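What follows is one structure encoded as structure tokens, with my remarks underneath.
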There are 2 protein chains.
Amino acid sequence: FATRRMFPAFKVRMSGLDKKAKYIMLMDIVASDECRYKFHNRRWVVAGKADPEMPKGMYIHPDSPSTGEQWMQKVVSFHKLKLTNNISDKHGYSILNSMHKYQPRFHLVRANDILKLPYSTFRTYVFKETEFIAVTAYQNEKVSDV
Amino acid sequence: FATRRMFPAFKVRMSGLDKKAKYIMLMDIVASDECRYKFHNRRWVVAGKADPEMPKGMYIHPDSPSTGEQWMQKVVSFHKLKLTNNISDKHGYSILNSMHKYQPRFHLVRANDILKLPYSTFRTYVFKETEFIAVTAYQNEKVSDV
DNA sequence: CTTTTTTACACCTAGGTGCCAAAC
DNA sequence: GTGTTTGGCACCTAGGTGTAAAAA
């Protein structure tokens with residue numbers, strides 16, 4: 001069983017925020033489709049129906065809450081998000097099924113305080129290009145060749 | 001301006017929790033009295049009225065939420081709590097006035113999820129023996145002699 | 001003079017990394 | 001044989017540590 005950070009990390013650059021207001025940023029990961037994949041002849045191919053998914057929590061960016069000004073002045077990186085394939089993990093990391101396809105989602109909330117989160121409006125953004133297949137070992141040689 | 005962890009760390013050992021229920025643990029720091037202190041002839045003596053206090057946030061223990069069973073199986077340490085004397089700190093660390101007396105407080109909340117925190121009942125505990133005076137450099141030789 | 005703050009820096013440590021060999 | 005998972009391990013890095021000297 002392995003627990004590692006997501007690589008490469010999910011990163012966003014923000015603009016148009018209210019400089020003075022405070023924001024909380026979150027992300028989560030949802031299953032993309034109902035398939036299990038395999039890596040055959042250097043290609044990803046569907047290999048049956050997906051395994052059941054574990055419930056996944058919300059990952060709150062550790063700099064939350066911060067002002068719009070602070071968020072906008074550098075790229076916001078979620079590199080500390082941890083993934084695992086250990087279904088009995090107790091640390092609250094995102095539990096993914098290996099060889100399944102996932103979609104990260106980004107949530108922006110205007111709130112002064114984590115305690116106010118549940119009262120607040122979530123704005124959710126999905127970037128299709130961040131979709132990925134979870135693996136236990138890199139399949140693409142180009143990744144290790146960096 | 002310095003930002004360091006609190007030393008020694010605030011630690012609690014838990015018992016009597018519901019093993020299956022999930023809990024969130026928090027701590028904060030409040031001013032103990034209205035005095036400023038000085039270290040004179042190897043003793044702490046009152047040296048005037050306290051400076052104004054900055055608002056202090058709640059520090060959520062990073063293992064939150066976890067089950068009663070997990071919390072009880074080892075000492076719960078808040079060693080990652082950060083203190084600073086930088087009044088314009090933007091990281092959400094606890095901003096303390098040096099040479100002032102403070103009281104840490106511990107909060108226990110039964111909740112599955114950080115999003116449910118504001119709906120939930122806080123049980124707050126104060127341990128008088130954890131009161132301390134904030135400093136920028138150790139005054140007691142016994143600390144450095146360890 | 002005493003007390004307190006700041007800065008710098010070498011040291012250390014926890015934890016994250018790729019990579020490999022073995023197991024499955 | 002193929003594809004996938006696991007565990008180990010040397011390496012590296014971010015960040016926390018005390019200490020001491022200088023500044024205030």
Side-chain angles (χ1 to χ4, degrees), chain A residues 1-10 35-48 50-51 59 62-63 74-75 77-89 91-101 132-146, chain B residues 1-10 35-48 50-51 59 62-63 74-75 77-89 91-101 132-146:
Chain A
F1 283 128
T3 123
R4 303 238 162 173
R5 293 177 174 185
M6 185 169 163
F7 179 84
F10 186 89
C35 305
R36 155 179 278 279
Y37 290 80
K38 65 184 298 192
F39 194 72
H40 189 67
N41 290 133
R42 301 165 158 239
R43 286 172 167 278
W44 287 108
V45 293
V46 173
D51 296 328
Y59 175 77
D63 292 352
K74 55 179 191 292
V75 172
S77 169
F78 287 84
H79 62 281
K80 289 190 178 172
L81 175 86
K82 282 185 185 167
L83 307 177
T84 186
N85 60 340
N86 183 352
I87 56 166
S88 51
D89 180 87
H91 299 281
Y93 307 149
S94 276
I95 304 171
L96 304 185
N97 289 323
S98 188
M99 321 310 282
H100 288 59
K101 195 179 279 186
F132 66 94
I133 293 174
V135 293
T136 55
Y138 295 138
Q139 304 291 357
N140 186 339
E141 301 156 4
K142 287 178 190 164
V143 174
S144 19
D145 289 358
V146 175
Chain B
F1 283 125
T3 124
R4 302 239 162 172
R5 292 177 174 184
M6 184 169 163
F7 178 85
F10 185 89
C35 305
R36 153 179 278 280
Y37 290 81
K38 66 183 299 191
F39 194 72
H40 189 67
N41 290 134
R42 302 164 157 238
R43 285 171 167 280
W44 287 109
V45 293
V46 174
D51 296 328
Y59 175 78
D63 292 352
K74 55 179 190 293
V75 172
S77 169
F78 287 83
H79 63 280
K80 288 190 178 172
L81 174 85
K82 281 185 185 168
L83 307 177
T84 185
N85 60 340
N86 183 353
I87 56 165
S88 52
D89 180 88
H91 300 280
Y93 305 150
S94 276
I95 303 171
L96 304 185
N97 289 323
S98 187
M99 321 310 282
H100 288 58
K101 195 180 279 187
F132 66 94
I133 293 174
V135 293
T136 55
Y138 296 138
Q139 304 292 355
N140 187 339
E141 300 156 4
K142 287 179 191 165
V143 174
S144 19
D145 289 359
V146 175

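For clarity, every value in this text was computed on a predicted model and none was experimentally measured. When reading the values below, keep in mind they use all heavy atoms of this one structure, side chains included, and skip hydrogens, waters and symmetry mates. Just so it is clear: chains get the letters A, B, ... in the order the sequence lines come, proteins before strands, and each one is counted from 1.
- To the nearest angstrom, P of C/dT4 lies 12 Å from NE2 of B/H100.
- Taking B/Y37 as the reference, nothing meets the ring-ring contact (aromatic ring centres under 6.0 Å, His included) condition, with sequence neighbours excluded.
- In this structure, the ring-ring contact (aromatic ring centres under 6.0 Å, His included) partners of B/H91, at least two apart in sequence or on a different chain, are B/Y93.
- With sequence neighbours left out, A/S77 forms a side-chain hydrogen bond (donor to acceptor under 3.5 Å, both in side chains) with A/H79.
- Scored by the side-chain hydrogen bond (donor to acceptor under 3.5 Å, both in side chains) test, B/R43 finds no partners at all (sequence neighbours excluded).
- In this structure, the side chains of A/F10 and A/F132 stay at 4.5 Å or more apart for every pair of heavy atoms.
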### Query
Which nucleotides of nucleotides 3-16 of chain D have their base under 4.0 Å from a protein heavy atom (B), which only their sugar-phosphate (S), and which neither (-), written as one string 5' to 3'?
SSBBSB-------S
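- Nucleotide D/dT17 holds its P atom 13 Å from the CE atom of B/M6, rounded to whole Å.
- Remark: B/F39 pairs with B/R42, B/W44, B/Q139 by the side-chain contact (heavy atoms from CB on, under 4.5 Å) rule, at least two apart or across chains.
- For B/D51, the salt bridge (charged side-chain N to carboxylate O under 4.0 Å, His left out) partners at least two apart in sequence or on another chain are B/R36.
- Counting only Watson-Crick and G-U wobble pairs whose two distances sit under 3.5 Å, DNA chain D takes part in these stems of three or more pairs: C:3-24 with D:3-24.
- For B/D89, there are no side-chain hydrogen bond (donor to acceptor under 3.5 Å, both in side chains) partners two or more places apart in sequence or in a different chain.
- Across the protein-nucleic acid pair, B/Y138 atom OH and D/dA20 atom P stand 14 Å apart, rounded to whole Å.
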